Amino acid sequence: MNVLGFESSCDETGVALVSTRAVGTPLLRAHALYSQVQMHAAYGGVVPELASRDHIRRVLPLTRQVLQEAGATLAEVDVVAFTRGPGLAGALLVGAGVACALAAALGKPVLGVHHLEGHLLSPFLSDDAPAFPFVALLVSGGHTQLMRVDAVGQYRLLGESIDDAAGEAFDKSAKLMGLGYPGGPALSQLAASGRPDAYALPRPLLHSGNLDFSFAGLKTAVLTQHRKLGQAPTANQLADLAASTQDAIVEVLVKKSLAALKLTGLSRLVVSGGVGANTELRRQLDEAARRRSFRVHYPELELCTDNGAMIALAAAMRLQSGAALASSDYAFDVRPRWPLDAIDRVDSAGPVRIVS
Ligand code: KG4
Ligand code: ZN
């Protein structure tokens, strides 16, 4: 089965082709990505209307590129997948519209995929693929969640951020430090030359006794500390603040992940989403894994942030495992707000047709 997948939930247009195999994870035949980061950087954040328009411009050329690189034709596509949510409504509608129009023209079924499920399953495309069950630390720009994952489609939320996501904490801290958008990679790069213990920043909910997160207070503490540095902080001061901010975020993520492993009794952790690209997070988790004898799995670096490969993969894995059926109704809707654990509830009565 060949699945063509489209991702357009935010500021990256992604297209990919995956093929299922008799044994093992589906094979990624080719994927292509266009990032709108430069366009939005001028505004200091994503402008939804511009994002939608740019997805329209990019999606068909990227599709041609993917098919060419895979040495495949549209006639070989069996299912068309798209990100159904969560994300920006207009941006999602572009991917959904293109996917359904293409599928209708080809006479093939479609499947709407949960964006976070794409992230969550993306480590299956790495050389060191995980096995079920595992604890997933999902750290994207809009979500910070710990989940227990028993199989495709079986996700139980263990804890999540009650306010800002870790990615937002990176982005907002970076913005107020004048590092531009998106802040995560910039802040992390600056942090490499700073001292993580230079400034005492809060570790919100670290000892809350549950697996929830809170990062809104941290951003305020970073703002206060930045103001104290005055109008013209030195490069060293900024690097120290970046390193201290990153250390606060990473420490909370690592300790809560360890608590989740302990609570569930599982010995496998899967990290995914944009913040999963953070070098310091990976270093600290790898170190903890060695000390405490658990396994930790990441997506390939290029598949940490949004991409089409994870959407095509999630669709293929759902179809293969019987967790979903593709639909030929083409009556697509999108779900800008869509909790991942709601997939469970929808699917509990058996496979569903993803239609409005
Ligand atoms: O998963 P993603 O690409 O998009 C969403 O689904 O939200 O995640 C984007 C987030 C942004 O907040 C970005 O700043 C953060 O991931 N990010 C990083 C790094 N690379 C991306 N944060 C920290 N360190 C990084 N290296
Ligand atoms: Zn994402």
Side-chain angles (χ1 to χ4, degrees), residues 7 9-12 14 33-47 51 86-88 115-116 118-120 122-123 136-145 160-161 163-194 196 199 201 203-204 213-223 225-226 238-254 256-257 271-286 298-307 310:
E7 154 62 28
S9 66
C10 189
D11 57 353
E12 256 112 23
L33 190 70
Y34 182 84
S35 172
Q36 306 174 353
V37 157
Q38 273 196 326
M39 178 179 77
H40 297 296
Y43 304 91
V46 178
V47 183
L88 302 169
H115 180 84
L116 293 180
H119 277 303
L120 193 131
S122 61
L137 172 67
L138 257 172
V139 273
S140 67
H143 295 82
T144 298
Q145 299 184 325
E160 66 182 333
S161 179
D163 43 50
D164 289 354
E168 267 173 298
F170 269 108
D171 291 339
K172 290 178 178 175
S173 302
K175 193 170 182 178
L176 64 89
M177 289 169 64
L179 299 179
Y181 161 86
L187 192 141
S188 140
Q189 209 179 343
L190 184 59
S193 56
Y199 301 106
L201 296 171
R203 269 71 171 149
F213 302 86
S214 163
F215 290 106
L218 174 64
K219 169 196 65 197
T220 313
V222 174
L223 178 63
Q225 191 57 56
H226 188 254
L238 278 181
D240 282 349
L241 186 54
S244 302
T245 305
Q246 176 172 269
D247 198 56
I249 299 170
V250 167
E251 183 181 343
V252 177
L253 294 176
V254 171
K256 294 271 176 174
S257 300
V271 182
S272 50
V275 181
N278 186 271
T279 321
E280 183 58 18
L281 176 66
R282 288 185 174 216
R283 193 188 66 74
Q284 290 198 24
L285 282 175
D286 288 343
Y298 309 94
E300 299 295 334
L301 263 186
E302 63 161 348
L303 298 182
C304 272
T305 45
D306 294 348
N307 61 80
M310 67 184 196

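Only a predicted model underlies this, so the values are computations on that prediction, with no experimental measurement involved.
- Proximity of Gln225 to Thr245: side-chain heavy atoms (C-beta onward) are nowhere separated by under 4.5 Å.
- Closest approach of Leu137 and Ser257 over heavy atoms only: CD2-OG, 3.5 Å.
- Under the rule for a salt bridge (charged side-chain N to carboxylate O under 4.0 Å, His left out), the partners of Glu280 that lie at least two apart in sequence or sit in another chain are Arg283.
- Residues Asp164 and Ala216 approach most closely at OD2-CA, 3.7 Å, considering heavy atoms.
- Of all heavy-atom pairs spanning Gly194 and Pro196, the tightest one is O-CD, 3.6 Å.
- Here the shortest heavy-atom pairing between Leu88 and Ala51 reads CD1-CB, 4.4 Å.
- Rounding to the nearest 0.5 Å gives a distance of 3.5 Å between CG of Asp286 and OH of Tyr298.
- Looking at Pro86 and His143, their side chains come closer than 4.5 Å, going by heavy atoms from C-beta outward.
- For the pair Leu301/Arg282, a side-chain contact is recorded, criterion being any heavy-atom separation below 4.5 Å from C-beta on.
- Residues that satisfy the salt bridge (charged side-chain N to carboxylate O under 4.0 Å, His left out) test with Asp247, not counting sequence neighbours, are Arg203.
- Under the side-chain contact (heavy atoms from CB on, under 4.5 Å) criterion, Ala169 pairs with Phe215, Ile249, not counting sequence neighbours.
- Ser35 meets the side-chain contact (heavy atoms from CB on, under 4.5 Å) test with Glu12, Val37; sequence neighbours excluded.
- Looking at Ser272, its side chain does come within 3.5 Å of a backbone N or O of His119 through a donor-acceptor pair.
- To the nearest 0.5 angstrom, Leu116 atom CG is 6.0 Å from Gln145 atom CD.
- We find the OG-CG distance between Ser173 and Leu201 to be 8.5 Å, quoted to the nearest 0.5 Å.
- Rounded to the nearest 0.5 angstrom, Thr144 OG1 and Lys256 NZ are separated by 11.5 Å.
- Among residues two or more places apart in sequence or in another chain, the side-chain hydrogen bond (donor to acceptor under 3.5 Å, both in side chains) test is passed with Ser9 by Glu7, His115.
- Checked against side-chain contact (heavy atoms from CB on, under 4.5 Å), Thr305 has no partners two or more places apart in sequence or in another chain.
- By the salt bridge (charged side-chain N to carboxylate O under 4.0 Å, His left out) test, Glu160 pairs with no residue at all, sequence neighbours left out.
- For Tyr199, there are no side-chain hydrogen bond (donor to acceptor under 3.5 Å, both in side chains) partners at least two apart in sequence or on another chain.
- Of all heavy-atom pairs between Ala165 and Gly142, the closest is CB-C, 3.5 Å.
- The minimum heavy-atom distance between Ser140 and Val275, with the atom names listed, is O-CG2, 4.3 Å.
- Legend: residues meeting side-chain hydrogen bond (donor to acceptor under 3.5 Å, both in side chains) with His40, ordered by chain and number and at least two apart, are Gln36.
- For Asp240, the salt bridge (charged side-chain N to carboxylate O under 4.0 Å, His left out) partners two or more places apart in sequence, or in a different chain, are Arg195.
- Using a 4.5 Å heavy-atom cutoff, the side chains of Leu120 and Met310 are not in contact.
- At least one side-chain heavy atom of Gln246 sits under 4.5 Å from a side-chain heavy atom of Phe170.
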For residues 174-192, which side-chain N or O atoms pair as donor and acceptor with protein atoms under 3.5 Å away, sequence neighbours left out?
residue	atom	partner	partner atom	Å
Lys175	NZ	Gly44	O	3.2
Tyr181	OH	Asp11	OD2	2.3

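- Ser244 is linked by a side-chain hydrogen bond (donor to acceptor under 3.5 Å, both in side chains) to nothing, counting only residues two or more places apart in sequence or in another chain.
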